Q: 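Have a look at the structure that comes next, please.
Order of the sequence lines fixes the chain letters, A, B, ..., with proteins taken first and strands second; residue numbering starts at 1 for each chain. From a predicted model like this one, the values you see are computed outputs, not experimental measurements.
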2 protein chains.
Amino acid sequence: MKTVYERADIVPLLGEIFRELGYEGTTLSRITERTGIGKGSLYHFFPGGKEEMAAAVLADVDGWFETAIYEPLRQDDARAAIEAMWINVNDYFRSGSRICLVGAFALDETRQRFSPAIRDYFVRWIDALRLALVRTGCSGEAALAAAEEAVSGIQGALVLSRALDERDIFGRTLNRLAERLAAAQSGN
Amino acid sequence: MKTVYERADIVPLLGEIFRELGYEGTTLSRITERTGIGKGSLYHFFPGGKEEMAAAVLADVDGWFETAIYEPLRQDDARAAIEAMWINVNDYFRSGSRICLVGAFALDETRQRFSPAIRDYFVRWIDALRLALVRTGCSGEAALAAAEEAVSGIQGALVLSRALDERDIFGRTLNRLAERLAAAQSGN
DNA sequence: CTTTAATTGTACCGATAGGTACAATACAGA
DNA sequence: TCTGTATTGTACCTATCGGTACAATTAAAG
């Protein structure tokens, strides 16, 4: 009995494992153990080994955010896109029970391997949000500050909700952040 | 040639290594490589091995925050203690170039090993800050929300400043958070 | 200067890390 | 059905993992 995979099917599985175990904590044997995918397949699709796997996951995450969040913020109706962002963020991170892989990689030495990708993810998020805020009539400087505050706040909410292991704190914090952002839109 | 250590001297060194490499990324050989301390000494002071080393570091960090930040928040003049907190936090995290070990451990599977210590660190921080806010005249509910927002915001600032690798963003975010907290003190 | 206990360097251990080689298998197109 | 390519399981490699054992060395007390 043999199961045949495609690269696109494997990447999300790898994503969950890297999220849970971190880069160093993710071993090939644990990947096999959790997914049933053997080394043969893994190195067939990712000849660069573990590092290429993690890079593929980062690119996948980045792509998801690009189409689901950044592009709407840049192109669609600003207020609607911002509102949709909060909903999508809450869904994506499963109300705080799922962490941000990019943020986690930023904290330890893993950052050195992927620093351009990590940096880019956050720069583009902040910039897309900033542009949306400007379109609502917010001044340039205030828009940047508000965008940084929101993106930074989301990362903090993820850390805190995992640390406290409380169901509702992520949603509560997201609501506070959304209110702050709404305040930045109308006035100032 | 032989150097003699004490446990108290080793713990801070281990702290910096765990901070940089994470729990899984920290190996005994890398500890030796960076500190010159061999396995003999390491297992003499920490018979429980790597896990005991990390636990000792967490306890050390916790102790520092307890005396430098939590106790003043509970006992000293509330406004002065809050002001001192922001300065101490900025110093401790070296303007964002040093991460929060407890927050980092919270993100991956390492959390399972130390979840009570991780939880406690944040619960006590939030609670001490909440009490200080109440003493300034802030209502109970608003105080809890503001305390959560501040502690969560600090963690987010650490993630973001590492990810962007920008010198000034940590200080900027801390200033914003301090202003929010100041606003919670006077009114509401 | 001894004695004694605390501390440390070195040599080891089995298990597992990431990675390679390659034959066996599955599958798509002719 | 046959053929060639894509995919996969297995065996194997070296390096290193966390950990143990213990003799050599050090510092402290008398």
Q: Angle between ring planes, B/Phe114 versus B/Phe105, binned at 30° and 60°: parallel, tilted or perpendicular?
A: parallel
Q: What salt bridge (charged side-chain N to carboxylate O under 4.0 Å, His left out) pairs are there with at least one residue in residues 23-50 of chain A, not counting sequence neighbours?
A: A/Glu20-A/Arg34, A/Arg30-B/Glu109
Q: Please list all pairs passing the salt bridge (charged side-chain N to carboxylate O under 4.0 Å, His left out) test where one or both residues lie in residues 167-178 of chain B, with sequence neighbours left out.
A: A/Glu148-B/Arg172, A/Glu148-B/Arg176, B/Glu166-B/Arg172, B/Asp168-B/Arg172
Q: Going by heavy atoms closer than 4.0 Å, what residues in residues 17-31 of chain A are next to DNA chain D?
A: none
Q: Does anything in residues 70-94 of chain B form a salt bridge (charged side-chain N to carboxylate O under 4.0 Å, His left out)? List the pairs, not counting sequence neighbours.
A: B/Glu66-B/Arg74
Q: Run the salt bridge (Lys or Arg N to Asp or Glu O under 4.0 Å) test against B/Arg130 and tell me which residues pass, sequence neighbours left out.
A: B/Asp127
Q: What residues in residues 34-57 of chain B put a non-hydrogen atom under 4.0 Å from any atom of DNA chain C?
A: B/Gly38, B/Gly40, B/Ser41, B/His44, B/Phe45
Q: In terms of the angle between their ring planes, are A/Trp125 and A/Tyr121 parallel, tilted or perpendicular, with boundaries placed at 30° and 60°?
A: perpendicular
Q: Between the main-chain N or O of B/Ala150 and the side-chain N or O of B/Arg180, is there a donor-acceptor pair closer than 3.5 Å?
A: no
